[in-house]
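In this text, all values refer to a predicted model and were calculated from it rather than measured experimentally.
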Amino acid sequence: MNETPMRARALVDLAALRANVRVLRARAPQAQLMAVVKADAYGHGAVPCARAARRAGAAWVGTATPQEALALRAAGDEGRLLCWLWTPGGPWREAIEADVDVTVSGVWAVEEIRAAARAAGRPARVQLKIDTGLGRNGCQPDDWPELIAAARAAEDEGVLRVTGVWSHFACADEPGHPSIQAQLGVFRDALAYAEGQGIEPEVRHIANSPAMLTLPETHFDLVRTGVAIYGVSPAPEIGTPQELGLRPVMTLSASLASVKRVPGGHGVSYGHHYITPGPTTLALVPVGYADGIPRAGSGTGPVLIGGKWRTAAGRVAMDQFVVDLGGDTARVGDEAVLFGPGDRGEPTAEDWARATGTIAYEVVTRISNRVPRVYVGEDAD
């Protein structure tokens, strides 16, 4: 662990990540597990997190963009790897040559893959995505027969191999939502049609983290675990990380840059939305929205200083925010913990989400690269 003093740091506990992967694997023992490391592993660092997840038994790794997938390959990742967010002219050939499974949602992509596979001199590994009701990417059910026909023709030509059929839930984080069973029905129908046309996928998958935790009938051959492997609950309705047996992986902290006494009536930060009610001590936390701290946390964002919860006083600025310590004291260099597992009474990512009207996914993912990641637990289990 790097002990050099830092303005701020995001401590990433890879032992906790591996433990989370093992807990999640036990919840879906008949299915393989995919660790989703898109968006730099939700802000935790894609390469070390992918490596840790594979060590803990993740059979697959998933990314959104092909660039993310190719970066993992360049860093030495060699296992099964799926990416799904493609646009015309994407690096199909590079992905094929790197043995990346690519997602196809339309005939246009099959045509681009044909050309790329011929250029690469090897067949592409392709997974077909059906839009079962989320309304984002994926082939509409009415267009599914055309996509299946194109994929089968390309298989017969030897330029691709269909390795998977998959979809994504819209409301799995809302247990009992009627769309869940409706989407599951569409998915089963799409699978049956594809298999009836001679498609033989290695993996069929629809379960994201919330579905994996609450809907065992959705596990099929593979479950895609994203935010849960980082110890963040997919939704309050499903349970806290502790209730789910998960441990938050990231702890965000900073060293106080200033501590000073000010009189009552003193304005704090832009716009003076906070005025000190009396003589008090102000502490400066040197992180702001350029570091990923939500500006929406102005006046609400929690932080632990000196063993007590405090709240951002006034506006969160680009590089810093202020905390009113009241009658307490602190020293320059003291630690301010913005969020972590909660072991020391510090706020969690879920606490920041509630304070800023967002979800914990966004809280951890938005922490910028200006905050160094410090990795611990790389060798310990």
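- Linking Ile, Leu, Val, Met, Phe, Trp and Tyr residues whenever their side-chain heavy atoms come within less than 4.5 Å places W108 and V126 in a single cluster.
- Annotation for S258 and V332: closest pair CA-CG2, 4.0 Å, computed over non-hydrogen atoms.
- In terms of heavy-atom proximity, P123 sits nearest to I96 at O-CG2, 3.8 Å.
- Between Y230 and H44, the two ring planes are parallel [angle under 30°; tilted spans 30° to 60°].
- Side chains of W166 and F220 form no contact here, defined as non-hydrogen atoms less than 4.5 Å apart.
- Between the side chain of S167 and the main chain of I130, a donor-acceptor pair closer than 3.5 Å is present.
- Put simply, V203 and L33 are part of the same group of oily side chains (I, L, V, M, F, W, Y) that touch within less than 4.5 Å, one to the next.
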Passes side chain to side chain contact (heavy atoms under 4.5 Å, CB included), M212 versus M34? Steps please. CA-CA 11 Å; M212 179 264 169; M34 176 187 289; over 6 Å; no
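- Considering every non-hydrogen atom in both L134 and F169, the closest pair reads CD1-O, 4.0 Å.
- In the hydrophobic clustering of this structure, L325 does not group with L284; members are Ile, Leu, Val, Met, Phe, Trp, Tyr whose side-chain heavy atoms approach within less than 4.5 Å, directly or through other members.
- Distance alone, capped at 3.5 Å, places no donor-acceptor pair between the E68 side chain and the V37 backbone.
- By the 4.5 Å heavy-atom criterion applied to side chains, F187 and T218 are not counted as neighbours.
- Between D101 and W60, the closest side-chain pair of non-hydrogen atoms falls below 4.5 Å.
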May I have the step-by-step check of salt bridge (Lys or Arg N to Asp or Glu O under 4.0 Å) for E378 and R55, ending in yes or no? CA-CA 10 Å; E378 292 182 84; R55 282 184 56 190; over 6 Å; no
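- In this structure, CG in L252 is found 10.5 Å from CZ in R9, a value given to the nearest 0.5 Å.
- Remark: I238 CD1 to E243 CD distance equals 11.5 Å, nearest 0.5 Å.
- One N or O on the side chain of T276 and one on the backbone of G265 form a donor-acceptor pair closer than 3.5 Å.
- Hydrophobic clustering (ILVMFWY, side-chain heavy atoms < 4.5 Å, transitive): I199 and V104 are in one cluster.
- Ion pairing between R7 and D291 holds under the 4.0 Å rule for side-chain N and carboxylate O.
- Using a 4.5 Å heavy-atom cutoff, the side chains of H205 and Q32 are not in contact.
- The closest side-chain heavy-atom distance from T225 to V36 is not below 4.5 Å.
- Salt-bridge check for E217 with R188: failed, with every basic side-chain N at 4.0 Å or more from each acidic carboxylate O.
- Each of K129, Q183, R224 was compared with H168 under the side chain to side chain donor-acceptor pair (under 3.5 Å) criterion, and only R224 meets it.
- Taking a 6.0 Å sphere around CD of E146, one finds it holds 12 or fewer heavy atoms contributed by other residues, nucleotides or ligands.
- We find the CD1-CG distance between I367 and D40 to be 12.5 Å, quoted to the nearest 0.5 Å.
- Between A353 and A360 the shortest heavy-atom distance is CB-N, 3.6 Å.
- In this structure the side chain of D77 never reaches within 4.5 angstrom of the side chain of V47, judged on heavy atoms.
- Separation of atoms CG (L304) and CG (D351) is listed at 11.0 Å; rounding is to 0.5 Å.
- The nearest pair of heavy atoms linking V316 to S298 is N-OG, 2.8 Å.
- With rounding to the nearest 0.5 Å, the separation of CG in D343 from OG1 in T348 is 11.0 Å.
- To the nearest 0.5 Å, atoms CG (L70) and CZ (R73) are separated by 9.0 Å.
- Using modelled atom types, one side-chain atom of R152 and one backbone atom of Q197 make a donor-acceptor pair closer than 3.5 Å.
- Within the 4.5 Å cutoff, the side chain of W84 has no heavy atoms near those of the N137 side chain.
- Remark: the backbone N or O of G43 is paired with a side-chain donor or acceptor of R373 at under 3.5 angstrom.
- The shortest distance between side-chain heavy atoms of C83 and K38 does not fall below 4.5 Å.
- I113 and V162 end up in the same hydrophobic cluster when Ile, Leu, Val, Met, Phe, Trp and Tyr side chains are linked at under 4.5 Å.
- Side-chain atoms of D334 never come within 3.5 Å of backbone atoms of L256 as a donor-acceptor pair (strictly under, hydrogens ignored).
- Atom CZ of R366 has more than 12 heavy atoms from other residues, nucleotides or ligands within 6.0 Å.
- Nearest heavy-atom pair, V268 versus A313, reported as atom, atom and distance to 0.1 Å: CG1-O, 3.4 Å.
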